[in-house]
Amino acid sequence: QVQLAESGGGLVQAGGSLRLSCAASGGTFSRYAMGWFRQAPGKEREFVAVIRWNGGSTSYEDSVKGRFTISRDKAKNTVYLQMNSLKPEDTAVYYCAAVYDSRWSKLTLNPPGYDYRGQGTQVTVSS
């Protein structure tokens, strides 16, 4: 059973940065693509970013391109989301998710599809 644990959320002023981490355990991660989606109060889940475990190709939601960077550390089974130039509209609960690599594009849909997800971490951006 794959388990995902997010950390790194918090309160930051607009224009600031945060780095989210997602520690994965309990699986063979070469089989999965990993990513992030978010959900703001009263809104649907929204895809943010995804990375293929092997090869490392990435995809981003348009509103975060150029501001957010997803990466992974294979040795640590950890995925990161570096978020720069944060805006108040980035405020949401951010979830780490895993999807079988052959179905990686499912994570890019709105609402995103996934096979496993973490409990989420709150990101609040003040204006």
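Remark: Gln119 CD is loosely packed, at most 12 non-hydrogen atoms of other residues, nucleotides or ligands lying under 6.0 Å away.
The shortest heavy-atom contact between Ala97 and Leu107 is CB-CD1, 3.8 Å. Contact detail for Pro88 and Ser127: the closest heavy-atom pair is CG-CB, 3.8 Å.
Listed by first and then second residue, the side-chain hydrogen bond (donor to acceptor under 3.5 Å, both in side chains) pairs involving residues 102-113 are Arg103-Asp115 (not counting sequence neighbours). Every pair passing side-chain hydrogen bond (donor to acceptor under 3.5 Å, both in side chains) that includes a residue from residues 1-26 is listed here, sequence neighbours excluded: Ser17-Asn84. For residues 29-73, no residue pair satisfies the disulfide (SG to SG under 2.5 Å) rule, not counting sequence neighbours. The stretch residues 68-125 participates, sequence neighbours left out, in these disulfide (SG to SG under 2.5 Å) pairs: Cys22-Cys96.
Within the 4.5 Å cutoff, the side chain of Val123 has heavy atoms near those of the Leu18 side chain. For the pair Trp53/Lys74, a side-chain contact is recorded, criterion being any heavy-atom separation below 4.5 Å from C-beta on. Asn77 is not listed as a side-chain neighbour of Arg72, based on a closest heavy-atom distance of 4.5 Å or more. Counting only heavy atoms from C-beta outward, the side chains of Leu20 and Met83 approach each other to under 4.5 Å. For the pair Arg38/Asp90, a side-chain contact is recorded, criterion being any heavy-atom separation below 4.5 Å from C-beta on.
Judged purely by atom type and a 3.5 angstrom limit, Tyr60 uses its side chain to pair as donor or acceptor with the backbone of Ile70. In this structure, the side chain of Arg67 engages the main chain of Ser85 through a donor-acceptor pair within 3.5 Å. Put simply, the side chain of Arg45 gets close to the backbone of Pro112: a donor and an acceptor are under 3.5 Å apart. In this structure a side-chain-to-backbone donor-acceptor pair under 3.5 Å is present from Thr78 to Lys76. Judged by distance alone, the side chain of Thr124 and the main-chain N or O of Leu11 form no donor-acceptor pair under 3.5 Å.
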Side-chain atoms of residues 29-37: list all donor-acceptor pairs with protein atoms under 3.5 Å, sequence neighbours left out, distances to 0.1 Å.
none

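Each of Leu81 and Tyr95 belongs to its own hydrophobic cluster when Ile, Leu, Val, Met, Phe, Trp and Tyr are linked at side-chain heavy-atom distances under 4.5 angstrom. Two different hydrophobic clusters hold Val48 and Val99 under the rule that ILVMFWY side chains link at heavy-atom gaps under 4.5 Å. Side-chain heavy atoms closer than 4.5 Å link hydrophobic residues (I, L, V, M, F, W, Y) into clusters, and following such links, even through other members, never connects Tyr116 to Val93. Val125 and Phe68 fall within the same hydrophobic cluster, where Ile, Leu, Val, Met, Phe, Trp and Tyr residues are linked whenever their side-chain heavy atoms come under 4.5 Å apart, directly or through other members. Taking hydrophobic clusters as Ile, Leu, Val, Met, Phe, Trp and Tyr residues chained together by side-chain heavy-atom distances below 4.5 Å, Tyr94 shares a cluster with Val79.
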Requested in this report: Show the numbers, then the answer: is there a side chain to side chain contact (heavy atoms under 4.5 Å, CB included) between Asn54 and Asp101?
Outcome: CA-CA 9 Å; Asn54 294 314; Asp101 191 74; over 6 Å; no

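With sequence neighbours left out, the salt bridge (charged side-chain N to carboxylate O under 4.0 Å, His left out) criterion links Lys65 to Asp62.
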